[in-house]
Amino acid sequence: MHAAAEVADHTGLELDKNRLLALYREMLLIRRTEEQLARSYQKGDIPGACHTYVGQEAVAVGVCARLRRDDVVFSTHRGHGHALAKGVPPREVMAELFGRATGCSRGRGGSMHLFSPEVGLMGTTGIVGPNILQATGAGYSFRLLKNARVSVGFFGDGAVNNGAFHEGLNLAAIWDLPVLYVCENNLYATEVAFGAATRNTDVAERARGYGMAGVAVDGNDVLAVAAAAEEAVRRARAGDGPTLLECRTYRTRPHAEGMRDGGYRTPAEVDDWKRRDPIAALRARLLGSGTADEEEFAAVDAEITAIVADALRFATDSPYPDPATATAHIYSDG
Amino acid sequence: MHAAAEVADHTGLELDKNRLLALYREMLLIRRTEEQLARSYQKGDIPGACHTYVGQEAVAVGVCARLRRDDVVFSTHRGHGHALAKGVPPREVMAELFGRATGCSRGRGGSMHLFSPEVGLMGTTGIVGPNILQATGAGYSFRLLKNARVSVGFFGDGAVNNGAFHEGLNLAAIWDLPVLYVCENNLYATEVAFGAATRNTDVAERARGYGMAGVAVDGNDVLAVAAAAEEAVRRARAGDGPTLLECRTYRTRPHAEGMRDGGYRTPAEVDDWKRRDPIAALRARLLGSGTADEEEFAAVDAEITAIVADALRFATDSPYPDPATATAHIYSDG
Amino acid sequence: MRELSFTVAAREGLAEEMARDETVFVVGEGIGERGGNFNTTVGLYELYGPERLRDTPIVERGFVGMCTGAAMTGTRPVVDFMFLDFILDAMGELINQTAKIQYMSSGRLTMPIVLRGCIGIGGASATHHSGNYYPIFAHLPGFRVALPSTPRDAKGLLKTAIRSDDPVLFLEHKSLLNTKGPVPDADADELIPFGRAAVRRAGGDVTVVALCLMVNRTLEAAADLAHDGIAVEVIDPRTVAPLDVDTILESVRKTGRLLIVDEDFAPAGIGAEISAQVTERAFDELDAPIRRLNGLQTPVPYSPPLEAALVPTRERIAAAIRDLVAE
Amino acid sequence: MRELSFTVAAREGLAEEMARDETVFVVGEGIGERGGNFNTTVGLYELYGPERLRDTPIVERGFVGMCTGAAMTGTRPVVDFMFLDFILDAMGELINQTAKIQYMSSGRLTMPIVLRGCIGIGGASATHHSGNYYPIFAHLPGFRVALPSTPRDAKGLLKTAIRSDDPVLFLEHKSLLNTKGPVPDADADELIPFGRAAVRRAGGDVTVVALCLMVNRTLEAAADLAHDGIAVEVIDPRTVAPLDVDTILESVRKTGRLLIVDEDFAPAGIGAEISAQVTERAFDELDAPIRRLNGLQTPVPYSPPLEAALVPTRERIAAAIRDLVAE
Ligand SMILES: Cc1ncc(C[n+]2csc(CCOP(=O)(O)OP(=O)(O)O)c2C)c(N)n1
Ligand SMILES: Cc1ncc(C[n+]2csc(CCOP(=O)(O)OP(=O)(O)O)c2C)c(N)n1
Ligand SMILES: [Mg+2]
Ligand SMILES: [Mg+2]
């Protein structure tokens, strides 16, 4: 266990109690929302695919804690956590997966297509790769517009062997774009182990090959993630170019709801990672350092439970979109 | 100047006089053919685009000297040299650029689409990138068929930032495919300097990132190229996986015939590289070491002049393809 | 005859061809030990191992280009895209390389490659997992495109595809995968030829050409209309490249009326092509304008009521047929 | 009015829009100091520098994806592919991202991106530098596709494209680049609207819809036929998405005969779509079958006599019109 002082040192930030509790709160919000989505999926209330973020919460929360509202995020098929961390209201995430008109994509998107440009969530994608390039492009816009905004692309280990990674990172590097590339290395792409997809499983190290900064952190340590993100964001805002941040983490649920979770990884491995749960770890740390006490955590837990229950109610009570709108908004004039 | 013994050491091969002269002869054949193509282009006898290989001859010749006839080559828009070095008859290359039925692609291809599977030239491509992947696939075939054939993909510095490079090399690396990737780094992609396209201009070094062997050689030194190719081919045939071979070289003519050659590079730079001419260098070396004398070179020169003249005559005299065949061979049954 | 599901029938076809020809291999994400996201390869890894059931990284362009090179050099790749949507990153390879190399080499190279993937709207799959895209491959030279609607055709067309020396797209509608139907015994070795349409139901009043899943829906609509005395002839082209227009013409000469039902977008689609060809070749035999019933031209939304608004249903097909007969 | 070449007119349009709106930028290979392989950007680098005239590595997928992200975040990219053929490596980005993001975001994001490239068969450009590909973008939802045939349209359509909040393909036939024609003064700021066809020649005997370069060839053929007393009405749709079928219908109602001339492949092409729509909407007004005259469906060969065999010529167009009038 770290002492409070150590925590501050570790991040290089002034993380006061409120901020530390906010990180905990955000992670818990994601966890509880995902658990509810999983239950709703099992009940048949959510159609289509549903990839949860359980186990990886520290990454989205740690990174987004260092972003401004007008910074932008481009995310993946596993994007609920990024959406929530960037500030999409839980009601809108829940309603979207329920296919309701009140969802953040008005029911057009579902789990893999969350859009909330109002808070800088520029979309999640069902295709592996494109968000890396789009994040690069947002960086290009910000550069051209001479504002100090920053763009973040989240992606999995499954994306790093794809051409989009190679092309996108190289472009950002040669033009010093204000982009933060966050690889959530959770060791598997669906059921394919990262080690079977490449001989170079050190993602952060690849940054050097592009001439950009590269950092690897424990993706289950929200403070480590936040510290690395802080540095990368500072670099980007200062015009000093992009960063590749590898967060080593694990998803503790199956690839998608309804899928098996055996055959490709052992129960022991899963259990091992469950013991490194990022939320429990932060809680223990803050308790251990005396930063917060059980009562305070209980209050946060209750608050989150209420928020998720409210989101569920909101989603359930919301109307479906009007079928007559099925072809609206294909073009800007319609 | 190197002594004869040194030459042998340098390559690690038993390069006897005949073989050394053969390397010279091959390079000269390419040079004189290209010069004739350039003249024919200027006269208007060659339509379409024409990218010559002048200055880079040592690469194709050095690599192909270490291949068997049933090994395969996948080449680029700048592919005349690879075709000739792999054994496509000069007549067929010349006739192809003249658009004649006797060309290696029966007039369907032209400069950028040379096919001669009979000698292992599996095609050149007008699109940057695909040949890297196809070379990988030939390696996959050879692996599956359990023969000891080797596949070679040639490409320029312009291709290494493209997704095809990233995806192709990674696949070959993880599956230990018998492939030799030859990057001809001639410092420019059309008029864009390599240093503007990437922050990592050390191509060979990238091999490490894929977990494969990487070697950089002076691409204007045919013996250095042949030696490196020999080692890579041995590795591939033995089932020990692919190699990335970077050959640092220069094209001394414009990107394509009819294009300007100023503005993006200085005359001094071009002159500098002309002084490092691979053909003159080998000649001087073999003269210096007493391996061959002026008379022998004069004989080779005359032979090549005659071959190119014959090829030109052949091309000029050959018929155009029958327009009625314009849609033949789209499918295997037609 | 045995009753098999579409997926099992197709898999049997693949298994038979892999047993027959050891140069056949499969690449894709999760098609090894896992047996494929859509169970396309279940049981085959155990028989043929990782070199012939090759799990890949997520590099659609990469493995399509790789398989193109493999097909040029003596092996017969089957690329399993899982969802066909993922093919789009490989379009450069497919259009400029895979489809053109036979031609460019004057037939001295062949291109025995199968590109299979699941298509179609349904199940709230949303916009990145609902694509059809077959008109693109019918428009461009060099491809064959199979769109089976029954388990028997799935097996027989896949076997033909694997034995073909041309690039073949073999497309399976997700909503057909669990449908069942008769399939000849394994030792029948039945190959369904390309470019031969099947008349699924005979009728003299109106011709309906339906594609893929729409065949089933149209047959249901035709059954409904039979109660009202409307005799619908239902034609399933089975491949859209080549496209068997002769069988359609034969029917239209009899009925004088033609409707084309296609889940995919109308503009410059297969229905447009059929309409144009029939107009060209049987203009005087048409008693009414040729009609098309297509899915709406829009990205596919997720929410079930929006998604349902897109696609021709049994009822909408019946209504369109009724309208056409009344013209 | 001034006479300008197609290339100069289009470049003037780009220059005006770049001056008007500093969020407009261009990316491509050699479009910086070099001024573009087809001189699309000559002189602009000197005015606007490397950030707005951005030379790229050879990463078509990469810069299309990048520009998609840029268009979502406040800037207006113009992607200059040089040859349109190079767009194919970016199809995944374009089809699944660029074209869908407005829809998926319910219109809260816009997608002001122009995708320009040279198309067409000719000059022994061979199979990797002769593509057309526009029917693909007309088939799929989310794109606008401009196919100018005159310098004036090139400028006016490009200006409209750059100001549009939708993804627009702006396609220039290589054989048109040096053609000249009248163009209004720079201060006219003329925008040519999308979806409005131009009647290039009026005539009462037969309607010919011609696309892009074929407009010029058809006008030549029409002039030839006028000597024989055949009055040809020539329609240039100018954009194929949206497609102005109303103007075509108006003409067909008058002539009763329709031919569509398109250099690109027939199957599931623009001609098929026009034919299907006209059949649907003006069946009773047709006096003869609708005909199509297309380039042959084949990879494009290099050798000039093979290449010439592919494409409709003035003579072949005239013959097709004669045949149709005789039906
Ligand atoms: C281009 C493409 N190919 C295949 C898929 C199918 N697919 C969805 S998620 C996934 C695995 C992604 O792995 P990773 O990037 O590591 O993310 P994770 O699921 O582990 O979060 C695959 C192959 C896809 N969505 N896109
Ligand atoms: C995908 C693609 N984009 C653009 C081009 C146009 N182009 C032809 S050659 C070339 C430069 C290639 O440079 P490099 O790979 O270094 O080869 P070099 O010409 O130097 O031999 C470019 C951009 C192309 N052929 N393919
Ligand atoms: Mg992963
Ligand atoms: Mg180069």
Side-chain angles (χ1 to χ4, degrees), chain B residues 46-50 77 95-101 103 105-113 124-130 155-166 189-194 196-198 255-256 259-260 263-264 319-330 334, chain D residues 28-37 39 42 45 50 54-65 81-90 92-93 121-131 174 265 294-311 313:
Chain B
I46 292 177
C50 179
H77 58 287
E96 186 58 33
L97 274 101
F98 275 67
R100 307 306 164 106
S105 305
R106 313 296 183 249
R108 278 168 155 60
S111 171
M112 287 191 273
H113 309 273
T124 67
T125 169
I127 305 288
V128 170
F155 50 89
D157 50 284
V160 304
N161 300 306
N162 188 285
F165 174 89
H166 188 58
T190 314
E191 303 192 358
V192 176
F194 192 37
T198 177
H255 173 71
M259 279 176 68
R260 70 165 189 174
Y264 68 102
Y320 283 102
D322 178 357
T325 65
T327 59
H329 301 302
I330 303 172
Chain D
E29 294 150 22
I31 56 80
E33 267 189 282
R34 189 179 157 211
N37 187 64
N39 299 322
V42 171
Y45 183 88
R54 182 53 91 181
D55 264 335
T56 66
I58 307 171
V59 292
E60 278 75 9
R61 181 182 177 190
F63 60 67
V64 166
F81 285 101
M82 172 171 18
F83 291 90
L84 184 72
D85 306 76
F86 306 151
I87 204 173
L88 298 177
D89 288 338
E93 303 311 315
I121 300 170
S125 303
T127 201
H128 290 167
H129 297 77
S130 303
K174 293 191 290 289
F265 315 128
N294 285 84
L296 300 179
Q297 195 200 25
T298 178
V300 178
Y302 163 77
S303 181
L306 291 178
E307 186 191 48
L310 261 52
V311 183
T313 57

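Below, chain A is the first sequence line, B the second, and so on; all start at residue 1. Just so it is clear, the values below take in all heavy atoms, side chains as well, and ignore hydrogens, waters and symmetry mates.
The shortest side-chain heavy-atom distance between B:Thr190 and D:Glu29 does not fall under the 4.5 Å cut-off. In this structure, B:Thr198 and D:Pro57 have side chains that are not in contact, with every pair of non-hydrogen atoms separated by 4.5 Å or more. Annotation: side chain of D:Tyr302 is in contact with side chain of B:Pro47 (closest heavy-atom distance under 4.5 Å). At a threshold of 4.5 Å between non-hydrogen side-chain atoms, the residues B:Thr327 and D:Gln297 do not count as touching.
No other option in B:Ile127, B:Val192, B:Val160 has as many heavy-atom pairs under 4.5 Å with chain D as B:Ile127. Considering only heavy-atom pairs separated by less than 4.5 Å from chain D, the leading option among B:Asp322, B:Val128, B:Asn162 is B:Asn162. Between chain D and the options B:Glu191, B:Arg260, B:Met112, B:His113, heavy-atom pairs under 4.5 Å are most frequent for B:His113. Here B:Glu96 is the residue among B:Arg106, B:His77, B:Glu96 with the most heavy-atom pairs under 4.5 Å with chain D.
Nearest heavy atoms, B:Gly109 versus D:Ala126: O-CB, 3.7 Å. Among all heavy-atom pairs drawn from D:Ala309 and B:Ala326, the shortest one is CB-CB, 4.1 Å.
Residue D:Ile58 touches chain B through both its backbone and its side chain, counting heavy-atom pairs closer than 4.5 Å. When heavy atoms are compared at a cutoff of 4.5 Å, D:Glu33 does not approach chain B at all. Only the side chain of D:Pro304 comes within contact range of chain B, with at least one heavy atom under 4.5 Å from a heavy atom of that chain.
Atom CZ of B:Arg108 sits about 10.0 Å away from atom OG of D:Ser303, to the nearest 0.5 Å. Atom CE in B:Met259 sits 6.5 Å away from atom CG in D:Asn37 (nearest 0.5 Å).
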